[in-house]
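Down below is the structure, laid out as structure tokens.
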Amino acid sequence: DFAKLYWKQLEQWANYLKEKGFDPEKQLCTDDFAGHLAHNVNLSVKAICGLGSFAKLCEMRGDQAKADEYFKIARESAQHWVKEADGGDHYRLAFDKPGSWSQKYNLVWDKILGLNLFPAEVARKEMDFYKKSQNEFGLPLDNRKTYTKLDWITWTATLTENREDFDALIAPIVHFINQTPDRSPLTDWYETKSAKKVGFTARSVVGGVFMRMLYEKPVWQKYAGRDKTKVSGWAPMPKPQFDFELPAADTKSALWFYTTSRPADNWS
């Protein structure tokens, strides 16, 4: 019933993922501070899990034909991903970058949502690589920099559902919290070699430390069941209203200026 309110947009997004999701074009991902990247392997995982999630929604709505269609796309994409992302003893940062690597934190949704699209060996191989790629204060986000994201490590630590693996990735975070020279509320973006804060302070994303709870349905239901608000009456998707302040170049000729010499650094 909730999804029905936004079904048009959900279908639109699923169609986009079907066309563009497996091999993303050059774009930002959640870690926008890392810059644009094409062929992002972790973003591909997110798209594949998104397709599987849409299939599950179709199933819940009673549309089994469409559910079968999207489950087929998601499963075939996951099999293709395993081959195309393979980097030997790990999986790549980008499909076209051999020797690269990254945290595949988006894999958590495959297990938590019961999609089971990726073989268990994927998480196992990644985890073995992560454990030997850590620095003193944690596992870097990927091979490009030594900084990391605390929330993503706590997601990544759950991938194999093995306590020894979990402890191996969480222990350096605890070490960071104890040793960081910065006196500020918990940051989620820090350097894994110096324990220094890079940016961000006490953001809501540190709630990611509770990711492990989502694997345990009785546990999260226990706490979710205490909700007394019983929210209902969700708003439908609003229809956007546009007011044009200035005409665009496709409707009115524009006057352009150019220079043949380098402008000042603060030019706009």
>> With rounding to the nearest 0.5 angstrom, report the CD to CG distance, Gln103 to Asp31.
In response: 9.0 Å

> Does any N or O in the side chain of Thr154 come within less than 3.5 Å of the main-chain N or O of Gly208, such that one atom is a donor and the other an acceptor?
Replying inline: yes

>> Does the plane of the ring in Trp152 sit parallel, tilted or perpendicular to the ring in Trp155? Use 30° and 60° as the thresholds.
In response: perpendicular

> Does a donor on one side chain and an acceptor on the other come within less than 3.5 Å for Glu19 and Asn15?
Replying inline: no

For residues 164-175, please give each side-chain donor-acceptor pair under 3.5 Å, one per line with the distance, not counting sequence neighbours.
| residue | atom | partner | partner atom | Å |
| --- | --- | --- | --- | --- |
| Asp165 | OD1 | Arg124 | NH2 | 3.2 |
| Asp165 | OD1 | Lys131 | NZ | 2.8 |
| Asp165 | OD2 | Arg124 | NH1 | 2.8 |
| Asp165 | OD2 | Arg124 | NH2 | 3.1 |
| Asp165 | OD2 | Thr160 | OG1 | 2.7 |
| Asp167 | OD1 | Arg163 | NE | 2.9 |
| Asp167 | OD2 | Arg163 | NE | 3.4 |
| His175 | NE2 | Glu136 | OE2 | 2.9 |

>> Looking at Met60, I'd like to know if its CE atom is crowded, meaning that more than 12 non-hydrogen atoms belonging to other residues, nucleotides or ligands lie closer than 6.0 Å.
In response: no

> Going by the ring pair (Phe, Tyr, Trp, His ring centres under 6.0 Å) test, which pairs reach into residues 41-64, not counting sequence neighbours?
Replying inline: Trp7-Phe54, Phe54-Tyr70

>> Can you confirm whether more than 12 heavy atoms, excluding those of Tyr223, are under 6.0 Å from its OH atom?
In response: no

>> Please check this pair: side chain of Asp110 against backbone of Asn116, looking for a donor-acceptor N/O pair closer than 3.5 Å.
In response: yes

> How about Phe129 and His90: are their ring centres within less than 6.0 Å of each other?
Replying inline: yes

> Lys104 side chain to Tyr91 main-chain N or O, any donor-acceptor pair under 3.5 Å?
Replying inline: yes

>> Looking at Asp182 and Lys197, would you say the former's side chain and the latter's main chain have a donor-acceptor pair under 3.5 Å?
In response: yes

> Between the main-chain N or O of Phe137 and the side-chain N or O of Tyr190, is there a donor-acceptor pair closer than 3.5 Å?
Replying inline: yes

>> Quiz question: by atom type and distance under 3.5 Å, do the side chains of Thr156 and Tyr130 form a donor-acceptor pair?
In response: no

> Do the rings of Phe2 and Trp234 sit parallel, tilted or perpendicular, given the 30° and 60° boundaries?
Replying inline: perpendicular

>> How about NZ on Lys125, more than 12 heavy atoms from neighbouring residues, nucleotides or ligands closer than 6.0 Å, or not?
In response: yes

>> The criterion is side-chain contact (heavy atoms from CB on, under 4.5 Å); which residues satisfy it with Ser194, sequence neighbours excluded?
In response: Glu191, Lys196

> Would a distance-only check, ignoring hydrogens and angles, find a side-chain to backbone donor-acceptor pair under 3.5 Å from Asp32 to Leu28?
Replying inline: no

> Do the side chain of Thr146 and the main chain of Thr192 share a donor and acceptor less than 3.5 angstrom apart?
Replying inline: no

>> When you compare the side chain of Tyr147 with that of Trp189, does any pair of heavy atoms fall below 4.5 Å?
In response: yes

> Short question: side chain of Ser53, backbone of Cys49 - any donor-acceptor pair under 3.5 Å?
Replying inline: yes

> Looking only at atom types and distance, does a side-chain atom of Asn40 sit under 3.5 Å from a main-chain N or O of Ala94, one as donor and one as acceptor?
Replying inline: no

> For Phe210, does the CZ atom have more than 12 heavy-atom neighbours from other residues, nucleotides or ligands under 6.0 Å away?
Replying inline: no

> Does a side chain donor of either Ser102 or Asp142 reach within less than 3.5 Å of an acceptor in the other side chain?
Replying inline: no

